[in-house]
Structure formats: C-alpha cells, structure tokens
Amino acid sequence: MCGIIGIVGHSNENIQQKLLNGLERLEYRGYDSSGIALLQNNSIVRFRAVGKLSNLKKLLDTAIIDGHVGIGHTRWATHGKPTENNAHPMMSKDVAVVHNGIIENHKELRFSLENDGYVFTSETDTEVIAHFLQRELVNGFSPLESMRNCMNAMDGAFAIAAIFVPLGNKIIAARRKSSLAVGFAEKNCTARIEKAAGDASICGNMCVGSDAGTLSGMCHEVAYMEDDDIVEISEDSVVFFDKNLHPVTRKKYKVHQDSDSAKKGEYSHFMLKEIMDQPTAIRKTLLHNKIDASLFTDIERISIVACGTSYYAGMVSKYWFERFLKIPTSVEIASEFRYRDPILEDNTLFISISQSGETLDTLAALEYVRSNSNCKTVGIVNVKNSATDRASDVVFYSEAGIEMGVASTKTYTAQLTLLASLALCKKEFLLQQLQNVPTFCESVLTLSAQIKQLAELISRSSSAIYLGRGTMFPIALEGALKLKEISYIHAEGFAAGEMKHGPIALIDEHVPIVLLCPNNELFEKTASNLQEALARGKNIIVITDVDGEKKMPNEVHKLVLPNVHSAIAPIVYAIPLQLLAYHTATIIGTDVDRPRNLAKSVTVE
Ligand code: G6P
C-alpha cells in the first residue's frame with residue numbers, strides 16, 4: 001500500500017517538483033517515509049526522509065537537483081521500521097527501485113544475493129529487487145531482461161518502477177497483483193514544446209504510478225498494466241511487454257480530473273469538507289444510478305465481500321437485501337473469505353464493495369470467485385477504471401468524487417446510498433424516501449456545534465462504547481471504527497442486545513456510551529438496553545429522532561435527528577458519528593486527515 005511514481009521528463013526539464021506533486025497525491029497510501037531518486041549526469045542521486053512528505057520537501061529545499069528522469073515513493077511500512085535506511089528508493093550500484101507490495105520469497109533471494117557479495121543496508125524486502133537487477137546487469141542482461149528475470153524469481157504481489165544508469169533516460173516498470181497505471185504525454189510532444197518556446201508543461205509527461213488519479217494532472221491518457229506486464233517508458237514512447245518480453249498493447253483511457261475534491265477550500269481538514277460534501281455526493285449517486293431490477297432475476301443468494309468501512313456498508317445492506325428483496329445475504333471480510341474455501345453456488349450474486357477498487361484482499365476475493373464459480377460479479381466502487389471496476393461483470397459507481405481524508409466518510413454514505421438503491425429497486429415508495437436522504441443529511445450537518453460539545457465528553461475518556469440494534473448495529477460498528485481511526489481512543493461497537501453477554505462488564509461511571517436509538521420497530525428493545533446501561537453508567541449519549549426524544553430519560557445527553565423512514569435511517573445516522581469522531585480528534589489534536597499507521601488504500605495482505 002505504498003505509493004510509487006516514475007516520470008520521464010522532456011530534455012532539460014527538471015522533474016523534481018513533479019515527482020513531489022505526484023507523491024503528495026499518493027500520500028494517502030502511506031506516510032511512514034518518502035523518497036525520490038533521479039538520474040543525473042550518468043549517476044543516480046537519491047533523497048529520503050522519515051515521516052510525512054513535508055520532511056522530504058524540507059530536505060530538498062537545500063538540494064540542487066537537475067534530473068529529468070526519476071522515481072518516487074511514499075511508504076507504509078511492512079518489512080522494517082519506518083527509518084531512513086528502510087525508506088525507498090532502494091539502490092544497488094547502477095539501479096534504483098521503488099516498490100509497492102510484498103516479495104514473499106525475499107529471504108531466500110536475499111540469502112543468494114548476500115552469498116554473491118551484495119551488501120544489504122535495509123530490512124526491507126524491496127532491497128532484493130535492486131540487488132537482483134544489478135546482478136543481472138553484471139551477468140550481461142539488458143535492463144529489460146533483468147526485470148523479466150527478476151519477475152520470474154519473485155513470488156508475491158508487487159508494482160515496481162526502476163531507473164538504470166546504463167539505460168539512460170528511461171524507466172522500466174512491472175507489476176503482479178498490485179496496480180500500476182502508465183500515463184501518456186500528448187502525441188508529438190517534442191515538436192509542440194519546441195513551438196511553445198521550450199515550455200515542457202504543455203504536453204504532460206510519460207509517467208507511471210500506483211493509480212491513475214495521481215497521474216491525471218501530468219498526462220493526457222492512461223493505460224493499466226496487466227499482471228506480469230513490463231513497460232519501458234521513455235520521453236516520447238511507451239512499450240508494453242508480456243512476461244516473455246513480447247510487445248503487447250494496452251487500452252488507453254482519457255484521464256478524469258477532479259480538481260475540486262483535491263482542495264480543502266474553506267475547511268480546516270479534508271475530512272470535515274468531505275463530511276459536509278455528503279448531501280451532494282448522495283444526490284449525485286442517486287442521480288447516476290438507476291437500478292434495473294432484472295439484475296436480481298434468478299438470484300438465490302447474495303454474497304458480499306469488503307474490508308474496513310466498506311465492510312460495514314455491506315453489513316447494513318444485508319439487512320436491506322433480506323428485508324426488501326427477500327434474498328439470503330452473507331457479508332464477509334475479504335481476507336477471511338478467500339482463505340476458507342467458500343461454497344459458491346451459481347445463482348449467487350457476488351458483490352465486492354471497495355471505495356478505491358484496489359484493496360488487495362477484496363480484489364483477491366473477487367478473483368477467487370471469478371476463477372472458481374459462475375457467479376455474476378458486481379463491483380461497488382468510487383474510483384472509475386480501478387482494478388475492481390475492470391474485473392467485475394457489472395459495476396455501480398458511488399459518485400462521491402475523490403476522498404482525500406484517510407478515514408472514509410462521504411464514500412461510505414455514497415456506498416450505502418447505492419446499496420439501498422439496489423435493495424429497494426422493487427419498492428417504489430421507499431425509493432422515493434431515498435430521494436429525501438440528502439435533505440435529511442443537510443439538516444443533520446447543522447448539528448455540528450452541538451456534536452462538538454458531546455465530543456468534549458468523549459475526548460476525556462480512553463475508551464468508548466457504541467451500541468445499536470438492526471441496521472443501527474453496523475452503523476455503531478462504523479462509528480466506533482471512525483473514533484479509533486482518527487482519535488486513537490479505544491472504541492468498540494456492539495449489538496445493543498448482546499451487551500448483557502459480556503460488554504456490559506466494561507460499563508462504569510466514566511466510559512462514554514453512544515446509543516443509536518431511532519424511534520423504529522426496535523425502539524422499545526433498544527430503550528431497555530439503555531436502561532441497563534443507565535443502571536451502571538453515567539456518560540450516555542443517545543442519538544435519536546424527534547419522536548424518540550419524547551420517550552428518553554432526562555439523565556442522558558440527547559442528539560435529536562429528524563424523523564426518517566427506518567429503511568433510510570442508517571445513511572442519516574452515520575453522519576453524526578462521523579462528526580463525533582472528527583470533533584473528538586480535533587479536540588485531542590491528532591492528524592485527522594493522516595492518522596498514524598493507516599493508509600487509505602491497502603494493497604498488501
Ligand atoms: C483502508 C482504509 C479504510 C477503508 C478500507 C477498505 O483500511 O483506511 O477507510 O474502508 O481500507 O478500502 P476500500 O478502498 O476497499 O473501500
């Protein structure tokens with residue numbers, strides 16, 4: 001889940017700043033360290049810094065670099081702590097490499113390279129690639145052949161970009177199971193630049209990167225590399241090869257620009273902006289997704305697989321699919337699904353939910369289903385042309401735009417909206433209710449100041465409990481996840497009815513409890529659970545609606561939402577929990593948009 005980038009600039013163009021711009025856009029994939037390497041005067045110069053990209057930028061402030069071919073990396077540590085030695089690019093004598101993924105057989109490769117006299121300076125798996133490529137060069141192979149030999153020797157999932165002194169102004173990149181996009185400058189660029197009096201910015205660059213979004217600002221078209229592809233990129237040409245080094249062609253796509261989403265505007269954090277964007281994201285998602293109920297013809301089961309917040313969206317939808325479509329539905333964490341030999345009957349609709357469309361476990365589960373069954377596969381993604389998009393039979397897009405904050409907010413409610421549109425596709429009345437969700441969300445967002453006061457209460461505690469029943473149970477789980485992700489306060493979500501079977505032992509007069517209690521068919525049951533909590537605890541925040549409030553005891557803190565139909569309530573109730581987590585984190589002073597240890601897109605197992 002590191003981010004990698006490589007850019008081949010035009011003659012006399014210094015690409016240092018472009019590399020940094022690219023890394024800035026890739027920082028969502030990890031920010032334990034970052035680094036760049038450039039070809040300069042027939043040698044490689046490298047700069048690395050621990051921590052966020054700003055540290056690398058500071059380092060480069062005083063460096064004089066003049067290179068027009070280079071690679072860059074932002075790291076989410078897997079093998080080895082986040083130290084400078086473990087930061088990419090990794091180097092051998094004439095080679096520098098950036099890598100995303102895991103080389104599973106790195107120990108044996110390292111052993112063989114050490115035996116041949118190669119000295120390792122890091123604990124990373126990546127360093128074996130640099131030395132392996134170097135050894136192949138020494139053995140007389142060309143850079144391209146060296147990369148092919150290296151690919152043949154490696155097990156695991158990886159995306160690699162490398163520069164070689166003997167290759168000159170080119171980049172060689174390769175991938176297996178981890179995504180890699182190649183960006184194309186405008187055609188006949190050199191002539192255009194000459195006409196524009198040397199202005200190299202007009203045509204974009206040939207480039208390569210972990211995702212197309214990152215490249216969008218610097219190229220005109222992108223192509224996605226396939227498994228075991230190798231690509232050679234130079235100033236004005238890109239050549240793709242298969243694993244036997246036979247040239248192959250890859251389809252090009254126009255790049256999508258979404259510059260509004262990439263700016264914070266008036267907000268102090270992307271997360272707050274994205275929370276506030278939700279009515280718009282939901283409106284767009286509704287507008288662009290008209291569901292044809294024939295998707296469910298002959299479907300006897302639905303199997304949903306996802307990770308993280310997307311998994312919780314899947315959990316909510318299980319209630320919807322079973323209640324409104326009467327189709328038995330299972331929801332599973334992708335990393336569990338793929339290793340347990342799941343039974344896949346033909347009439348199962350397999351739905352994978354992934355904001356990024358690149359989460360390795362979710363993708364691997366989809367791949368497993370495609371290889372082992374005849375199930376129809378549906379992807380719910382936010383990023384168009386992502387790996388899940390390309391691998392699914394049918395795709396629905398949440399229209400949330402780019403989400404910059406690491407903690408998912410607008411993409412979650414957009415996913416929920418999309419899943420509700422699917423589940424309610426035969427229920428005209430409820431589909432009408434769904435159209436009202438953006439307005440309800442707008443009204444919930446006006447409660448932000450009140451939620452901030454409640455956040456004071458949570459910010460003073462080292463743990464918190466979230467409770468809900470029915471669809472409010474997964475909403476509680478997601479609320480707890482949001483809190484721990486960005487405030488580092490330990491939080492757990494429980495089914496309110498399950499509390500008495502263990503979690504109740506956690507309740508004392510200090511621990512805050514957040515109870516989701518809309519006035520729905522489960523209101524009385526949840527209210528009983530509230531009484532059980534009240535008998536033992538004190539700091540209880542109840543999120544309810546106008547009708548529910550009337551029946552609430554005085555001793556609790558109340559946050560009152562509008563009355564909404566229970567079918568659509570989960571989408572609306574997700575929002576105050578996001579704001580609660582956000583305000584708690586800002587009171588504590590954590591890095592809300594880049595919380596420690598996390599990455600937005602997880603491309604390792
Ligand atoms: C990471 C992110 C989460 C996200 C999860 C799944 O853990 O930090 O916010 O929910 O990955 O990502 P996906 O892109 O597959 O929805």
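- Under the 4.5 Å side-chain criterion, counting only non-hydrogen atoms from C-beta, R250 is not in contact with M225.
- No hydrogens or angles considered: nothing links the side chains of Q355 and S408 as a donor-acceptor pair under 3.5 Å.
- By the 6.0 Å contact criterion, NZ on K251 is open, its count of non-hydrogen atoms from other residues, nucleotides or ligands being 12 or less.
- How far CG of L424 is from NZ of K427: 9.0 Å, rounded to the nearest 0.5 Å.
- Aromatic ring pairs are classed by plane angle as parallel below 30°, tilted from 30° to 60° and perpendicular above 60°; the pair H565 and F429 is perpendicular.
- In this structure the side chain of I327 reaches within 4.5 angstrom of the side chain of I299, judged on heavy atoms.
- Both the sub-6.0 Å distance and the 45° axial angle are satisfied by R390 relative to the ring of Y224.
- Remark: the backbone N or O of S122 is paired with a side-chain donor or acceptor of E127 at under 3.5 angstrom.
- Shortest non-hydrogen contact noted between L516 and I475 is CD1-CG2, 3.7 Å.
- The heavy-atom pair separating T377 from A391 by the smallest distance is OG1-O, 4.2 Å.
- Ion pairing between R340 and E332 holds under the 4.0 Å rule for side-chain N and carboxylate O.
- Annotation for L26 and G3: closest pair CD1-C, 3.8 Å, computed over non-hydrogen atoms.
- Of the charged side-chain nitrogens involved, at least one lies within less than 4.0 Å of a carboxylate oxygen, so that K384 and E399 count as a salt-bridged pair.
- More than 12 non-hydrogen atoms from other residues, nucleotides or ligands lie less than 6.0 angstrom from NZ of K426.
- Note: I5 CD1 to S210 OG = 8.5 Å, rounded to the nearest 0.5 Å.
- Between E403 and K410, none of the side-chain N atoms (NZ, or NE/NH1/NH2) sits under 4.0 Å from a carboxylate O, so this pair counts as no salt bridge.
- Nearest approach of A157 to H99, heavy atoms of both residues: O-NE2, 4.2 Å.
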